[in-house]
Amino acid sequence: MIWSVSWRNVWRNKTRSMVIITAIALGVFAGVYTIAFMFGWINQRINAVINTEISHIQVHHPEYIETNDAHDYIPDIKTIQSAAENKTQVKAASSRVLSTCMISSAETGSGLQLVGINPEKEQQVTNLHEKLIEGNYFEETKKNQLVIGKKLADKLKVKLRSKVVVTLTEMDGTLTGGAFRITGIYQTANSEYDERKAFVRASDLKNLIKIDENAGHELAILLNENNMEQKVADQLKAEFSNLEVMSWLEIMPDMKMMNESMNLMMYIFVVIILLALGFGIVNTMLMVILERIKEIGMLMAIGMNKVRIFTMIVLETIYLSLTGGVIGIALAVVLTAITGKTGLNLSLWAEGLNSLGFDAVIYPEIGFDAVIVVTLLVILTGVIAAIYPARKAIKLKPADALRIEM
Amino acid sequence: MNKFKIAWRNLWRNKRRTMITVASIFFGVLISTIMSSLQDGTYGNMIDMMVKLSSGYLQVQHSKYQENKSINNAFSPTKEMLEEIRSVDKVTSVSQRLESFALMSSGPNTRGGALIGFEPDKDKQTSNLQNWMHKGRFLKKGDNGILLSYNIARHLGMEVNDTLVLISQGYHGVTAAGIYPVKGILKFATPQLNNIGVFMDISTAQEFYSAYEMVSSLMIMVDGYADVQRAEKKLDEITNEDHAVLTWQELNPEMVQFLKSDKAGAVVMKAILYIIIGFGIFGTIIMMVAERRRELGVMIAVGMQKIKLSLILFYETILIGVIGVITGFIASIPVIFILVEKPIPLPDELADAYLQYGFEPYLFFGTASPVFINQVITVFIITLIISLYPVFKVKNLKVTNALRA
């Protein structure tokens with residue numbers, strides 16, 4: 001009974017209700033869409049880290065990460081590779097030979113990390129072959145092919161089929177050089193990565209630095225699903241205690257920080273919006289009470305008890321906020337679905353975003369739990385905002401309220 | 001004037017109603033000020049951190065240095081110039097740097113890296129290298145020892161008190177070579193920085209490069225990012241055409257782009273907040289008019305011109321707006337200053353990560369004047385727009401209906 005009274009009260013002054021509902025809908029829409037936007041943004045970055053840059057788990061010689069020294073290699077990386085591949089959670093594993101070197105074109109030089117890979121295996125682990133903007137990903141059988149990033153290509157002023165010379169040290173310390181032909185140019189969302197890494201066949205690089213056939217510096221492991229990396233890493237750690245097994249979160253600790261501080265900013269924004277909405281609701285409801293003093297006095301006079309009056313007002317507020325909230329969430333979900341397909345283009349700031357590894361086209365996505373949390377928060381805001389006006393209402397004295405001059 | 005008086009009296013006829021409307025504007029100003037202050041503080045703090053780690057707010061360099069970072073493009077600042085720069089308003093520190101590359105060698109191992117000559121006694125205000133000391137002790141002014149970054153030290157197998165050979169090309173092609181004792185090892189939270197190279201006292205670096213009294217840049221810190229522009233103008237006057245004055249924006253173009261995208265997000269968020277605040281105020285004004293329909297009908301029925309009545313209502317809304325905005329402004333000042341004095345600490349997990357990177361784990365609030373003034377202006381403009389509503393409402397008022405309301 002009281003439910004329908006409250007619902008009818010909402011629609012007594014349509015303009016007023018529509019205004020506050022619009023405000024709530026807009027606020028909730030903005031909040032939910034911001035969450036979707038941030039969520040999509042961070043997820044894209046995480047996906048790039050896992051699928052292109054790091055994979056779920058990497059295995060190195062315990063010293064390698066710190067020294068980047070070619071001597072800190074794993075002598076028998078093939079055994080570890082097959083051990084990893086035998087695990088059910090592991091999708092694929094790729095071993096790499098790494099060498100820090102100088103690369104020079106006719107124009108200029110630059111430092112970089114040369115990654116020697118087995119293209120067939122590597123394609124199962126990373127999606128770099130999909131990021132090629134020119135040329136091929138090691139398709140022919142020719143020797144000394146090089147795939148480099150666009151940023152580095154621009155810096156060196158080289159094109160596809162240009163020849164470059166890399167200078168590196170052999171295992172015994174002698175300085176040596178090798179000529180490579182650029183057969184592919186890739187571009188990821190992370191321009192720093194593009195500048196730092198170039199790929200060659202492992203066999204070419206092994207010949208050049210004269211390292212043992214079975215040796216390697218890095219084993220990248222891709223799992224079948226996310227969130228399993230810590231478990232698998234722990235298993236590998238137990239099996240190969242003499243090696244350093246790290247999950248991507250351990251390799252890039254700043255990702256976690258970035259992730260968490262963005263989350264925090266997002267929630268602060270949502271709270272501020274709800275605060276503003278809350279005050280809007282309080283004021284509107286106070287006005288509503290003021291307008292209906294006589295009526296409330298009458299209701300009390302004919303015997304409606306305080307609890308019911310209180311409930312009536314709280315319910316009216318909840319109806320207002322819930323209607324607005326549902327409209328807002330619906331709009332946000334629809335817009336998320338649309339922009340999730342088309343992508344939101346921020347290429348205006350592409351350089352800055354790419355330099356930090358972020359994509360310039362963002363695909364918002366939203367989780368079901370976020371929608372639930374926002375809905376609950378909206379209802380909570382409604383309830384809290386209703387308490388003060390409702391208390392005002394039940395403190396009215398029927399005798400005075402009836403006689404008030406409007 | 002008469003109408004103004006009537007409007008004023010009308011406000012106090014029904015105090016509660018007026019207070020509620022004032023409150024909606026008051027909270028609007030307060031909330032948007034808190035939000036802007038938070039954005040300004042975060043933004044300022046972010047710039048401050050990035051700038052400290054990288055370039056300083058401003059740099060004075062040789063005019064060709066930015067294009068070609070060669071030791072040959074170093075310059076020698078005169079004593080007077082340094083004095084003048086120091087006396088510029090808001091400048092908190094001026095530190096000299098001499099940077100170039102060097103080969104570092106120890107036994108069979110050789111590695112290339114940056115060689116950075118800096119002023120250890122001014123380090124606290126700028127890059128704060130002391131924060132990253134891993135082993136050994138920090139340099140003193142005029143020290144002939146060096147600090148090594150962690151990975152370089154490991155790679156070369158260096159410990160504190162070992163000696164390192166440095167080889168490079170000095171000023172105008174002079175060969176630069178020397179042996180230096182390692183006084184300390186620096187370990188940064190960002191892995192890339194651990195590969196950077198060698199730090200030494202600037203006078204030792206000048207001697208090494210035979211670039212006596214020369215610097216590659218003067219790193220200038222000011223109070224905050226809001227003071228950069230004014231300082232830049234002053235510096236332009238002090239220096240001549242052989243020098244280039246560069247701001248942090250010019251020194252880190254990619255960082256600026258990121259900040260811009262961040263700021264665009266902040267603008268969108270604030271726009272949303274204003275819309276919500278606007279609707280909140282609009283709601284109370286609608287109620288105010290609805291409640292007074294009968295009163296307005298009577299006024300018109302007894303012969304008041306609609307235009308006059310509209311004007312009175314317009315004045316009322318404006319007065320409410322002024323009161324709300326002013327009280328909101330007054331209330332926001334202590335709130336913001338409390339938040340600035342006692343910044344809100346971050347949740348534990350995040351705080352740990354921040355500390356690890358040498359950042360302070362707080363939510364920062366800013367006090368730049370636009371934080372306050374813009375909110376007052378914007379909310380007032382919103383109120384102005386909303387105050388058109390009663391005017392239209394009176395214009396379309398049907399007296400017969402209104403009287404029966």
Side-chain angles (χ1 to χ4, degrees), chain A residues 13 15-17 19-20 22-24 26-27 29-31 34 37 63 65-69 102 111 173 191-192 251-254 256-257 260-261 263-265 268-269 272-273 275-284 286-288 290-291 346 348-356 358 360 406, chain B residues 14 16-17 20-21 23-24 27-28 30-32 34-35 38 42 108-109 112 150-151 154-155 189-191 194-195 253-262 264-265 268-269 272-273 275-284 286-288 290-291 294-295 346-347 349-350 353-354 356-357 363:
Chain A
N13 185 336
T15 333
R16 186 249 319 169
S17 293
V19 164
I20 195 73
T22 316
I24 296 168
L26 269 172
F29 164 74
T34 314
F37 179 83
E63 302 282 307
I65 289 264
E66 271 167 9
T67 60
N68 271 334
D69 188 338
M102 273 291 291
S191 57
E192 202 201 325
I251 298 172
M252 291 191 99
D254 44 338
K256 203 176 167 190
M257 182 170 113
E260 300 224 338
S261 42
N263 265 333
L264 183 73
M265 288 318 279
I268 289 175
F269 175 61
I272 288 182
I273 282 189
L275 208 62
L277 280 179
F279 282 120
I281 297 172
V282 169
N283 283 325
T284 312
L286 280 176
M287 275 294 197
V288 166
L290 202 61
E291 184 195 36
L346 305 183
L348 202 56
W349 304 289
E351 256 175 72
L353 292 171
N354 289 351
S355 72
L356 285 163
F358 286 109
M406 295 290 278
Chain B
N14 190 335
R16 272 185 68 190
R17 186 173 62 210
I20 293 171
T21 323
S24 70
F27 286 120
L30 190 63
I31 291 175
S32 66
I34 292 176
M35 172 117 154
L38 178 62
T42 322
N109 298 318
Y150 186 74
N151 286 350
R154 272 194 81 111
H155 184 83
T190 351
N194 282 328
N195 290 321
E254 285 180 342
M255 177 175 124
V256 172
Q257 269 211 345
F258 175 73
L259 288 175
K260 266 194 196 149
S261 70
D262 195 68
V268 171
M269 287 186 183
I272 293 165
L273 185 64
I275 292 173
I276 293 170
I277 289 170
F279 273 96
I281 301 174
F282 191 36
T284 40
I286 285 177
M287 292 301 284
M288 187 183 97
E291 222 181 294
R294 185 159 174 185
E295 175 198 323
L346 292 174
E349 215 177 304
L350 196 56
Y354 266 63
Q356 213 187 344
Y357 281 83
L363 282 178

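Convention: sequence-line order gives letters A, B, ...; per-chain numbering from 1.
Looking at Ile281(B), there are no atoms closer than 4.5 Å to chain A (heavy atoms on both sides), in backbone or side chain. With a threshold of 4.5 angstrom between heavy atoms, Ile281(A) does not approach chain B through any atom at all. When heavy atoms are compared at a cutoff of 4.5 Å, Ser32(B) does not approach chain A at all. Proximity to chain A is limited to the side chain of Leu346(B), based on heavy atoms less than 4.5 angstrom apart. With a threshold of 4.5 angstrom between heavy atoms, Ala23(B) approaches chain A through its backbone and through its side chain. For Thr34(A), the part sitting under 4.5 Å from any heavy atom of chain B is the side chain, from C-beta outward, and nothing else. When heavy atoms are compared at a cutoff of 4.5 Å, Val288(A) approaches chain B by way of both its backbone and its side chain. Heavy atoms of Leu264(A) lying under 4.5 Å from chain B belong exclusively to its side chain.
The closest side-chain heavy-atom distance from Ile272(A) to Met269(B) is not below 4.5 Å. Under the 4.5 Å side-chain criterion, counting only non-hydrogen atoms from C-beta, Thr21(B) is in contact with Met287(A).
With rounding to the nearest 0.5 angstrom, the CD1 atom of Ile277(B) is 10.5 Å from the CZ atom of Phe279(A). Atom CG of Leu363(B) sits about 7.0 Å away from atom CE of Met265(A), to the nearest 0.5 Å. Here CG of Leu286(A) is found 4.5 Å from CD1 of Ile20(B). Values are rounded to the nearest 0.5 Å. To the nearest 0.5 Å, the span separating CG on Leu275(A) from CZ on Phe27(B) amounts to 9.0 Å. With values rounded to the nearest 0.5 angstrom, Ile275(B) atom CD1 is found 11.5 Å from Thr22(A) atom OG1. One distance of note links CD1 of Ile286(B) with CD1 of Ile20(A); it measures 9.5 Å at 0.5 Å rounding.
Listed here is the closest heavy atom pair of Gly27(A) and Ile276(B): CA-CD1, 3.4 Å. Minimum heavy-atom separation, Val19(A) to Phe279(B): CG1-O, 3.4 Å. Between Leu273(B) and Ala276(A), the closest heavy-atom pair is CD1-CB, 3.7 Å.
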